[in-house]
Amino acid sequence: MATRQEKDSLGYKDVPADAYYGIQTARAVENYPISGMRAHATLIRAIAMVKQAAAEANLELDLIDARVAEALILAAKEMQEGRWDDQFVVDVFQAGAGVSFHINANEVIANRAEELTGGKLGEYKIVHPNDHVNYGQSTNDVFPTAMRLATLLELEKLYPVLDGLASAFGAKGKEFHDILKSGRTHMQDAVPMRLGQEFAAYAGAVRRAEKSVREQSELLRELGLGGSAVGTGINTHPEYREKAIRNLARISGQKLVVADDMRYAMQSNLAMASVSSALRNLSLEIIRISNDLRLIASGPNTGLAEINLPALQPGSSIMPGKINPVMPELAAMVCFQVIGNDTAVAFAVQAGQLELNVMMPTMAYSVLQSVTILTNMVRVFTEKCVIGITANAKRNEMYAQSTVSLATALNPYIGYAKAAEIAKESVATGRTIIEIAREKKYLSEEQIKEILDPAQMTEPRLPSEAAKDRDKIKLR
Ligand SMILES: O=C(O)C[C@H](O)C(=O)O
């Protein structure tokens, strides 16, 4: 492999001749051969936006040469388009507050700008990674800014798919309105309800969890860009931070504000912990719902078999004709990963010391991965599973008619004790509640039909005349 030699404060080192990154990135590649995973594309896009915003602010303030600034801006724009993604070669697991990722960005922009201004890769005669690309900046302010912006940008992809999932559950709620089933609590027969009510509630849970992610992500908009080292703003123009963040808001299309306390913006990663925990809570809800789907779709012959999930692939390598609930299984596993990521984020967030939290690379990796895998999973889960769910009306009807808790509807008329006797007899004999209630003759046939109609039990109702005047009922 052809190489060029570069020099930094530690000495000389060979770098691949055609690399846009430089010597410090090459050192980091050797130091961190950990996972083989590279920076998230949205983090690259975000840091490129930060570099463009900074170069524009420094140009407006007449702090860097216009020719250099224009080349930096062009290189940063190319980076936002993904043109230099393959030059981000440092492992996601790296030490030191994201310095290596930051320097990787600085070196690529410097080399590309050097090329654009007529120089050669690795020369740094016209554009220098530290003196120009990093003018008035530090990893202390650039990395947290890029991480927060990347998270906001990536979340923009999650919201529409969550809306899609909630709408799909809402549509099933309407479609299944007329299907009566047995409710279950403690995994035992409970009173009848509508299958549509179950699905409408799933829609509500997804909507609330999404709202919470949106609310918790608001803290990400408060940025410390311009704080340079330690939040002091050393080596920056007094007007730089306002200009840089205004530029960044314009470039990214996000609402962003200058943090009113630069020290807070650097010490604390409450914003990352907040959004990560909201993603965990969303995951808890998706796991719960996907488990319910697996349960009520169990069967076809030996399970509950209330609903059918679309058949996506043969389920078994040995058992012919078996179809498995692959989408809910996938959904649960993705959510387990998000919960694990949140645990890593929690450890990283509490590990800040004094002026800085050096554990940011793991926060960025974990939160961005969580958002990406949730987005991709929710999309396929909705499209390939939820939208295609069908109901087994007869099976549900049978459960609605046979649940022992039908007896609950008798309470206001004959009292809990007598209703319990009927329920016990039904369990012991296998006969239905309605049959035994008829036999007991506490109520007229007309009353029994009305009171034990499962459809009447799914909403609150005004007490009937008979219920209001229990003396009219003959209790033996
Ligand atoms: O890279 C920098 O600008 C600063 C670094 O993160 C440090 O605080 O040592």
Side-chain angles (χ1 to χ4, degrees), residues 6-10 13 21-32 34 39 43-44 46-55 57-58 63-64 72 76 79 87-111 124 127-150 223-237 240-241 244-245 248 258-259 261-269 271-272 348-365:
E6 288 195 19
K7 181 176 181 291
D8 64 8
S9 53
L10 292 187
K13 184 164 181 58
Y21 60 81
I23 180 169
Q24 293 194 47
T25 302
R27 290 192 194 283
V29 170
E30 285 178 8
N31 289 339
Y32 310 125
I34 308 303
L43 187 63
I44 298 173
I47 201 163
M49 289 178 181
V50 174
K51 291 292 158 180
Q52 181 188 340
N58 286 324
L63 294 169
I64 44 175
L72 293 181
M79 192 174 273
Q87 297 298 308
F88 280 81
V89 289
V90 184
D91 201 282
V92 294
F93 292 101
Q94 53 182 273
V99 173
S100 296
F101 168 76
H102 179 205
I103 286 180
N104 194 163
N106 285 346
E107 288 179 341
V108 173
I109 292 174
N111 275 310
Y124 311 119
V127 187
H128 192 275
N130 299 91
D131 295 332
H132 301 109
V133 189
N134 206 47
Y135 188 96
Q137 299 152 64
S138 163
T139 310
N140 295 179
D141 65 337
V142 168
F143 192 88
T145 299
M147 173 173 72
R148 289 169 200 187
L149 176 59
L223 300 178
L225 185 63
S228 64
V230 184
T232 57
I234 187 170
N235 294 351
T236 68
H237 188 286
Y240 166 76
R241 63 181 62 160
I245 289 188
L248 190 57
V258 181
D261 184 334
M262 287 281 158
R263 260 59 55 178
Y264 154 76
M266 253 155 250
Q267 288 173 359
S268 168
N269 276 292
M272 294 302 283
V349 167
Q350 59 81 45
Q353 288 176 310
L354 303 177
E355 275 56 69
L356 187 65
N357 187 318
V358 300
M359 310 300 178
M360 287 183 289
T362 204
M363 289 175 215
Y365 166 70

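Atoms within a ligand are numbered from 1 in the order they appear, just like the ligands themselves.
The neighbour count for I234 CD1, taken as heavy atoms of other residues, nucleotides or ligands under 6.0 Å away, does not exceed 12.
Summarising the geometry, atom CG belonging to D91 is positioned 9.5 Å from atom OH belonging to Y365; distances are rounded to the nearest 0.5 Å.
Comment: R27 engages D8 in a salt bridge, judged by a side-chain N to carboxylate O separation of less than 4.0 angstrom.
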Go through the steps for F101 and F88 under the test ring pair (Phe, Tyr, Trp, His ring centres under 6.0 Å), then give the verdict. CA-CA 8 Å; F101 168 76; F88 280 81; 5.5 Å; yes
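Distance check for atom 6 (O) of ligand 1: a protein heavy atom is found below 4.0 Å.
Proximity of V99 to ligand 1, defined as any heavy-atom pair under 4.0 Å, is confined to the side chain (atoms from C-beta onward).
Within the 4.5 Å cutoff, no side-chain heavy atoms of N111 are placed close to those of Y21.
Considering backbone and side-chain N/O atoms, S138 comes within less than 3.5 Å of an N/O atom of ligand 1.
With atom 4 (C) of ligand 1 as the reference point, the heavy atom nearest to it among N106, N140, N134 is part of N140.
Ranking the protein heavy atoms by distance from atom 2 (C) of ligand 1 puts T139 OG1, 3.1 Å first.
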